[in-house]
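Keep in mind it's a predicted model, so treat the numbers as computed, not measured. Order of the sequence lines fixes the chain letters, A, B, ..., with proteins taken first and strands second; residue numbering starts at 1 for each chain.
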Number of protein chains: 2
Amino acid sequence: MNVPDWVEKVDPCKSDCPSRDLLDLIGDRWSLLILLVIGQGVNRNGALKRRIGGISQKMLTQTLRALEANGLVARHDFATVPPHVEYALTPMGISLQHALGPMFHWIQDHYADVVKARAEFSTRTQQAA
Amino acid sequence: MNVPDWVEKVDPCKSDCPSRDLLDLIGDRWSLLILLVIGQGVNRNGALKRRIGGISQKMLTQTLRALEANGLVARHDFATVPPHVEYALTPMGISLQHALGPMFHWIQDHYADVVKARAEFSTRTQQAA
DNA sequence: CCGTATCCTCGGAGATACTG
DNA sequence: CAGTATCTCCGAGGATACGG
């Protein structure tokens, strides 16, 4: 049996299943990246923007707000001039970060295989055509 | 130190980092769902479509092809009439499924907290406004 | 420095109709 | 049953400019 136990407990196939929401949050292109970087201690708007190549100010703020709204990131505004705002992972954010560990590990461990699979697939596809 | 060890090894912030690709694949709305369901033994086009509420034929085929191209899913066409095609996880697909386990567990364990956090956040937001 | 507001476009994704 | 082709639309997301 290849089916892990957790597949029985969660069924995101149904739209009424909670996991759909969170799957969307996690599936977001920038969420994981921001979570990752904040976890590394990068905690200011500008720093995040510089660190995460390719993100726009709009998406940064937007995703930050989403993470904050979901209780994964805490925002601390020092209300000074010039503005000073710091972001940090909440305990829940940290726990998610840890839960994501195996996935990142998997990416590291299998990236080469995926690339190879892609090459083989396009070869096969070309043959067929 | 809250930073897990794996954050040092992977840096998806850079566009030249392999993990960006895979993050996109995993981040896809349907990929995880399809992976999950195929892992449960649902292996035919029609069955998948029926099982995964809300997916269109187009997205099903499209995502299936992507998963196949990345070596996560195997497609077996029996070339009969009427058509009979079966999908299954490859060993690599299974390993990814397992790597995703903690994430799904986290979703189960923390969904209630997230909902609560959302409620508090909107309350706070309303106050501010 | 930290954002918000606005505009605009590009392609993701559904619906539909058709084929082997 | 499995899948492709086409058309269309909607909105995510970038660029830009401005405000506190």
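Atom CG in Asp77(A) sits about 15 Å away from atom P in dC1(C), given to the nearest Å. The distance from atom NZ of Lys49(A) to atom P of dC2(C) is 11 Å, rounded to the nearest whole Å. The separation between Ile52(A) atom CD1 and dG14(D) atom P is 12 Å, rounded to whole Å. For the pair Arg65(A) CZ and dA5(C) P, the interatomic distance rounds to 11 Å; values are reported in whole Å. In this structure, Gln57(A) places its CD atom 8 Å from P of dT4(C), rounding to the nearest Å. Protein atom CG of Leu60(B) is 14 Å distant from nucleotide atom P of dC1(D), rounded to whole Å. Counting to the nearest Å, the C1' atom of dG3(C) and the CG atom of Leu48(A) are 13 Å from each other.
In this structure a side-chain-to-backbone donor-acceptor pair under 3.5 Å is missing from Thr61(A) to Lys58(A). No donor-acceptor pair under 3.5 Å is formed between the side chain of Asn70(B) and the backbone N or O of Leu72(B). Using a distance-only test at 3.5 Å, with no hydrogens or angles considered, no donor-acceptor pair links the side chain of Ser31(A) to the main chain of Ile26(A). Using a distance-only test at 3.5 Å, with no hydrogens or angles considered, a donor-acceptor pair links the side chain of Ser122(A) to the main chain of Ala119(A). With Thr90(A) contributing its side chain and Gly93(A) its backbone, the two residues share a donor-acceptor pair below 3.5 Å.
In this structure, Tyr87(B) reaches the sugar-phosphate backbone alone: every heavy-atom distance under 4.0 Å involves primed, P, OP1 or OP2 atoms, never a base.
Put simply, Asn45(B) has no side-chain N or O that comes within less than 4.0 Å of OP1 or OP2 on dC1(D). Within the 4.0 Å cut-off from OP1 or OP2 of dA2(D), not a single side-chain nitrogen or oxygen of Arg75(B) is found. Checking the phosphate oxygens (OP1, OP2) of dC1(D), no side-chain nitrogen or oxygen of Arg44(B) falls inside 4.0 Å.
Each of Thr61(B) and Arg50(B) was assigned the nucleotide of DNA chain D with the nearest heavy atom; the assignment lying further toward the 5' end belongs to Arg50(B).
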Which protein N or O atoms sit under 3.5 Å from an N or O of nucleotides 7-13 of chain C?
unit_1  : atom_1 : unit_2   : atom_2 : d
dA13(C) : N7     : Lys58(B) : NZ     : 2.8

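Closest to the side chain of Val85(B), from the set dG20(C), dG3(D), dG3(C), is dG3(D).
In this structure, His110(B) and His105(B) have side chains that are not in contact, with every pair of non-hydrogen atoms separated by 4.5 Å or more.
Ionic pairing of Asp21(B) and Arg118(A) is present here: one or more N-O contacts between side-chain nitrogen and carboxylate oxygen are shorter than 4.0 angstrom.
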